2 protein chains.
Amino acid sequence: MRLSTKGRYAVTAMIDLALHNDVGPVALTDIADTQKISVSYLEQLFARLRKNGLVTGMRGPGGGYRLARAADEITVAEIIAAVDEQIDMTRCAGKQDCQDGEKCLTHELWVDLSRQLYDFLHGITLGQVLQWPAVKQVAERQEARHPRGFQSKSENVA
Amino acid sequence: MRLSTKGRYAVTAMIDLALHNDVGPVALTDIADTQKISVSYLEQLFARLRKNGLVTGMRGPGGGYRLARAADEITVAEIIAAVDEQIDMTRCAGKQDCQDGEKCLTHELWVDLSRQLYDFLHGITLGQVLQWPAVKQVAERQEARHPRGFQSKSENVA
DNA sequence: CAAATCCCGAGTGTTTCGCTAGGAAAATAG
DNA sequence: CTATTTTCCTAGCGAAACACTCGGGATTTG
């Protein structure tokens with residue numbers, strides 16, 4: 001389990017989807033605008049999220065992405081695992097003969113620690129994060145400044 | 001808080017030190033041998049650990065590194081934070097004006113999540129890890145094959 | 001003294017990060 | 001039907017980080 005800005009972008013984008021889940025799909029251009037990152041980079045992240053069954057895409061005007069499941073059924077661990085390459089964190093890469101033909105200390109130790117970390121992040125759902133005071137606050141302010149989805153598709157804010 | 005193989009090397013090396021803490025300092029060549037990584041790379045990691053007050057170095061023949069504190073007083077979070085660059089994890093880099101002159105959702109969300117993660121890893125001490133069955137097992141096998149420190153400095157295994 | 005070991009800085013190849021570019025397919029609007 | 005909007009897909013690119021190498025010190029032990 002790796003942890004970098006890549007996972008953060010993914011989690012934040014999923015929060016964005018969860019906030020507008022009952023209104024309609026969210027276009028990547030909207031997320032790119034609020035997160036200040038490029039659409040193409042978001043596309044690559046969402047390709048992974050889609051392949052892992054976390055979001056569903058809807059093409060055409062008015063389309064966008066939407067959560068594939070309820071916010072309470074999606075954990076932070078799933079999101080991070082989806083966008084991370086998840087290549088051999090252990091040096092022995094699955095083969096447990098990294099030292100003297102047997103498992104090295106590194107292997108067992110990190111498998112255990114990584115497991116504990118995964119369990120921790122697996123216990124946090126998107127629905128829970130939405131209830132965090134700081135998140136609710138910023139979400140409300142964002143909605144006030146850039147209303148998305150509450151009006152029908154015929155209006156333009158800018 | 002970032003998490004990669006770099007942090008794993010550091011944690012594993014610290015475990016190695018903790019295992020031999022009551023016998024004497026551990027030379028980097030020994031750690032490099034068991035972990036199968038280069039001495040120079042370990043030196044760079046230990047430079048950071050030393051600057052963060054986690055280990056103390058002792059030069060000259062018979063020297064090496066030793067824990068600066070008791071194993072129960074050192075947490076996994078400290079070790080990982082010591083070796084990580086810890087540059088701007090937030091896009092706004094401390095300045096909280098990343099969106100419309102105010103804090104963005106990214107900022108608050110990740111500060112919260114990162115904090116929870118840090119607290120979790122801060123709750124795990126080196127002393128606790130030493131008690132994990134898997135770690136004890138491999139440690140005992142390693143000690144049997146490559147006894148270090150239990151004999152005086154006058155013997156050679158190979 | 002000489003050997004062992006920590007200490008330090010500069011440089012190197014590979015991978016990942018974040019992004020750009022260019023298009024193709026699908027769905028809606030007119 | 002056509003034009004626009006959006007997802008989808010692939011390829012590549014500069015910068016950063018990763019893991020490492022090399023070369024030289026400084027300091028302590030024997």
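In the text below, chain A, chain B and the rest are named by the order of the sequence lines, each starting its count at 1. What you are looking at is a predicted structure, and each value in this text was computed from that prediction instead of being measured.
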**Message:** Exactly one of B/Leu54, B/Val55, B/Val129 should register a side chain to side chain contact (heavy atoms under 4.5 Å, CB included) with B/Ile74. Which one does?
**Reply:**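 So the option named by the test is B/Leu54.
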**Asked** Under the criterion side chain to side chain contact (heavy atoms under 4.5 Å, CB included), which of B/Leu121, B/Ile15, B/Leu49 is the partner of B/Ile79?
**Response**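 By the side chain to side chain contact (heavy atoms under 4.5 Å, CB included) criterion, B/Ile79 pairs with just one of B/Leu121, B/Ile15, B/Leu49: B/Leu49.
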Set of side chain to side chain donor-acceptor pair (under 3.5 Å) partners for [X], sequence neighbours left out:
X	value
B/Gln128	B/Thr125
A/Arg59	none
A/Asn52	none

**Asked** Any salt bridge between B/Arg48 and B/Glu43, counting N to O under 4.0 Å?
**Response**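 Result for this pair is no, no salt bridge flagged.
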Nucleotide [N], atom [atom2] - distance to [atom1] of [X] in whole Å:
X	N	atom1	atom2	value
A/Lys6	C/dT16	NZ	P	8 Å
B/Leu45	C/dC6	CG	C1'	15 Å
A/Leu42	D/dT7	CG	P	10 Å
A/Ile31	D/dT6	CD1	P	13 Å
B/Arg48	C/dC7	CZ	P	15 Å
A/Tyr41	D/dT7	OH	C1'	19 Å
A/Leu28	D/dC8	CG	P	8 Å

**Message:** side chain to side chain contact (heavy atoms under 4.5 Å, CB included) for A/Tyr41 and A/Lys6? Distances and angles first, verdict last.
**Reply:** CA-CA 10 Å; A/Tyr41 189 48; A/Lys6 203 171 183 179; 3.8 Å; yes
**Request:** Check every strand shown and say whether B/Phe46 touches a base, only sugar-phosphate, or nothing at a heavy-atom separation below 4.0 Å.
**Result:**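 No contact.
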**Prompt:** Closest nucleotide of DNA chain D for A/Gly63 versus for A/Ala47: which of these residues is on the 5' side?
**Reply:**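 Nearest-nucleotide comparison on DNA chain D picks A/Gly63.
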**Asked** Among D/dT7, C/dA3, D/dC18, which nucleotide sits nearest the side chain of B/Pro61?
**Response**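 In terms of side-chain proximity for B/Pro61, the closest of D/dT7, C/dA3, D/dC18 is C/dA3.
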**Message:** Measuring to OP1 and OP2 of C/dC7, would you say a side-chain N or O of B/Tyr65 lies under 4.0 angstrom away?
**Reply:**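 So the side-chain polar atoms of B/Tyr65 do come within 4.0 Å of the phosphate oxygens OP1 or OP2 of C/dC7, strictly under.
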Give every pair of a protein N or O atom and an N or O atom of nucleotides 21-25 of chain C that lie under 3.5 Å apart, one pair per line with the distance.
| unit_1 | atom_1 | unit_2 | atom_2 | d |
| --- | --- | --- | --- | --- |
| C/dA25 | N3 | A/Arg59 | NH1 | 3.4 |

**Prompt:** When you measure from every atom of DNA chain C, which of residues 49-58 of chain B have a heavy atom less than 4.0 Å away?
**Reply:**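 Only B/Arg50, B/Met58 qualify.
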**Asked** Relative to the ring of B/Phe120, is the ring of A/Phe120 parallel (under 30°), tilted (30 to 60°) or perpendicular (over 60°)?
**Response**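 Ring orientation, 0 to 90° scale: parallel.
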**Test salt bridge (Lys or Arg N to Asp or Glu O under 4.0 Å) applied to B/Asp72 - qualifying residues, sequence neighbours left out** =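 None.
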**A/Gly60 or A/Ser38, whichever maps to the more 5' nucleotide of DNA chain C** =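 Comparing both residues, the 5'-ward one is A/Ser38.
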